[in-house]
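Here's the structure we're looking at; comments come further down.
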Amino acid sequence: MKRRQFLQGAGAATLAAGTLVSATAKAAPEHKWKMVTTWPKNFPGLGTGANYLAEMIGKLSNGRIEVKVYGAGELVGALECFDAVSRGTAELGHGAGYYWKGKSRAAQFFAAVPFGLTAQEMNSWLYHGGGMELWEEVYAPFGLVPGAAGNTGVQMGGWFNKEINSVSDLEGLKMRIPGLGGEVLKRAGGTPVLLPGGEIFPSLQSGAIDATEWVGPYNDLAFGLHKAAKFYYYPGWHEPGTTLECFINKEALEGLPEELQLIVRNAIRIANQDMLADFTAKNNHALEQLVNEQNVELRRFPDDVLIKLRELSDEVVAEEAAQDEITKKVFDSFVKFRDQAKKWHAVSEQAYLNARTL
Ligand code: CA
């Protein structure tokens, strides 16, 4: 009897405490997660996309998961995010697969492939063409679960302080360009440099590099790259639909109840779509500002340069893929999908966009 009274009393106290908490503030989150990112904190499009994802996870879980976002260098350096999430220092990471080519060559195929897939094609390959299953297979040995968490659309060719009038102008060019695009530049006689976002502007301004690619008008304007270079080249042959990623510590994900796991996965999917819409809406406005207000000289790469870069890209990508079994498997799937998409888009997207500008 005494025990029963005690239990009733305890129950009432718990209820009272619960009522008090819900009347004054949200219950404390059940899961306090960290998200490390490869972007400068709040960087337009990429950093804000990471913030949006963190907020979405919080909202959809009704506050049960709280995600604190760290900009590059706040908790770990930009290029340390993959390892940090792999070992559980943070539960989530936000970046791009090509930063991890030292971990797995195949990772690059889930970010950007020179003359590869557009944003629409990437999402189709990942969600409905077998790409996602392959990505999960590639990240599994690192204890990570990947997700497509944003897309920039077609990027710009980049900012140059040297004119590119012919293939020979690529020789000796020192350019910040990551991943497979960097390998293509090397094959063309240039020197690719891997730099995280925060180091690009000072390197270009000081002349430590001759050129840099970054993203597109919206990001590039915010970064002030037009203040450090003369020419703005297009198109971004090396990044035709760069996919950003959110990688999750597998143990942390699997430690969540099933409904929260679904919320995390679906928040990533929402963020993926939202970022592309954000970029598409803002790039044209930023391009106008760059050309009309900042007097940036917009230049298209000459045809022979693009043809050469495409030939070298096909070589580099195929050679890269031949280096190990898993990369070859990803490459085969990617190329098969691209060939199909090329034929379909020749009579749909491409034909329509051409018709619109006749
Ligand atoms: Ca880029």
Side-chain angles (χ1 to χ4, degrees), residues 38 46 78-79 95-119 121-122 150-162 164 167 169-197 199-200 203-204 209-217 219-220 223 225 229 231-245 279 299-323 327 330-331 334-335 338:
T38 57
L46 305 171
L79 302 179
Y98 51 44
Y99 288 134
W100 324 124
K101 71 170 188 173
K103 303 282 174 192
S104 169
R105 289 174 194 282
Q108 300 168 94
F109 284 84
F110 303 103
V113 172
F115 292 94
L117 302 176
T118 65
E121 292 166 351
M122 256 322 260
N151 202 302
T152 63
V154 180
Q155 298 200 359
M156 286 294 285
W159 297 90
F160 289 69
N161 276 321
K162 283 170 75 178
I164 305 298
V167 174
D169 290 327
L170 298 171
E171 283 167 28
L173 188 78
K174 207 169 172 194
M175 179 173 181
R176 182 269 179 191
I177 175 168
L180 294 165
E183 289 302 314
V184 173
L185 178 70
K186 196 193 252 177
R187 196 77 50 107
T191 306
V193 180
L194 185 64
L195 288 175
E199 290 171 33
I200 296 174
S203 303
L204 189 60
I209 53 174
D210 305 311
T212 183
E213 68 78 53
W214 181 224
V215 188
N219 281 113
D220 297 5
F223 236 19
L225 293 174
F231 311 111
Y232 198 18
Y233 275 93
Y234 68 95
W237 56 273
H238 61 301
E239 297 198 61
T242 301
T243 304
L244 292 313
E245 61 179 8
F279 271 113
R299 294 212 180 171
R300 183 179 176 276
F301 287 121
D303 281 352
D304 58 340
V305 170
L306 287 172
I307 291 166
K308 185 70 184 170
L309 289 169
R310 196 180 66 212
E311 285 168 5
L312 291 173
S313 294
D314 287 348
E315 266 178 40
V316 164
V317 174
E319 282 174 30
E320 188 78 0
Q323 306 253 350
T327 309
V330 173
F331 169 80
F334 185 94
V335 168
R338 184 180 59 180

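Just the heavy atoms: all of them, side chains too, but no hydrogens, waters or symmetry mates, feed the values below.
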- request: Please assess Ile177 against His238 for the test side-chain contact (heavy atoms from CB on, under 4.5 Å), listing each intermediate value before the final yes or no.
  value: CA-CA 9 Å; Ile177 175 168; His238 61 301; 3.8 Å; yes
TODO: Please lay out, stage by stage, how Val215 and Asp220 fare under the test side-chain contact (heavy atoms from CB on, under 4.5 Å).
DONE: CA-CA 6 Å; Val215 188; Asp220 297 5; 4.1 Å; yes
Walk me through whether Leu46 and Phe279 qualify under side-chain contact (heavy atoms from CB on, under 4.5 Å). CA-CA 9 Å; Leu46 305 171; Phe279 271 113; 4.0 Å; yes
For Phe301 and Tyr233, what are the C-alpha separation, side-chain angles and deciding distance, and is it a ring pair (Phe, Tyr, Trp, His ring centres under 6.0 Å)? CA-CA 6 Å; Phe301 287 121; Tyr233 275 93; 5.0 Å; yes
Would you please test Trp237 and Val184 for side-chain contact (heavy atoms from CB on, under 4.5 Å) and show each step? CA-CA 11 Å; Trp237 56 273; Val184 173; 3.8 Å; yes
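For Ala229 against Asn161, the heavy-atom pair with the smallest separation is CA-OD1, 3.0 Å. Between Leu195 and Glu199 the shortest heavy-atom distance is CD2-OE1, 3.5 Å. The nearest pair of heavy atoms linking Leu173 to Leu185 is O-CD2, 4.0 Å. Here the closest heavy-atom approach between residue Gly116 and residue Pro240 is recorded as N-CG, 3.6 Å. Considering all non-hydrogen atoms of both residues, Leu170 and Ala188 come closest at CD1-CB, 3.9 Å. In plain terms, the two heavy atoms of Met175 and Glu213 that are nearest each other are CE-N, 3.6 Å.
Between Phe334 and Met122, some side-chain heavy-atom pair lies under the 4.5 Å cut-off.
The line from CZ of Phe331 to CD of Gln108 is 12.5 Å long, rounded to the nearest 0.5 Å. With rounding to the nearest 0.5 angstrom, the OG1 atom of Thr191 is 8.5 Å from the CG atom of Asp210. Distance check: Trp214 CH2 to Met156 CE gives 15.5 Å after rounding to the nearest 0.5 Å. Here CD of Glu319 is found 9.5 Å from CD of Glu183. Values are rounded to the nearest 0.5 Å.
Exactly one of Lys174, Arg187, Lys186 qualifies for a side-chain contact (heavy atoms from CB on, under 4.5 Å) with Pro192. That residue is Lys186. Considering Leu194, Thr242, Thr243 in turn, Thr242 is the only one that fulfils the side-chain contact (heavy atoms from CB on, under 4.5 Å) rule with Tyr98.
For the salt bridge (charged side-chain N to carboxylate O under 4.0 Å, His left out) test, no residue two or more places apart in sequence or in another chain qualifies with Glu171. Considering only residues two or more places apart in sequence or on other chains, Phe110 meets the ring-ring contact (aromatic ring centres under 6.0 Å, His included) condition with Trp125, Trp135.
Under the 30°/60° scheme for interplanar angles, the aromatic rings of Trp159 and Tyr232 are found to lie parallel.
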Distance-only donor-acceptor pairs under 3.5 Å for side chains of residues 304-314, two or more places apart:
| from | atom 1 | to | atom 2 | distance (Å) |
| --- | --- | --- | --- | --- |
| Ser313 | OG | Leu309 | O | 2.6 |

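A donor-acceptor contact shorter than 3.5 Å is absent between the side chain of Glu239 and the backbone of Gly236. When atom types are taken as modelled, the side chain of Arg176 and the backbone of Leu204 share no donor-acceptor pair closer than 3.5 angstrom.
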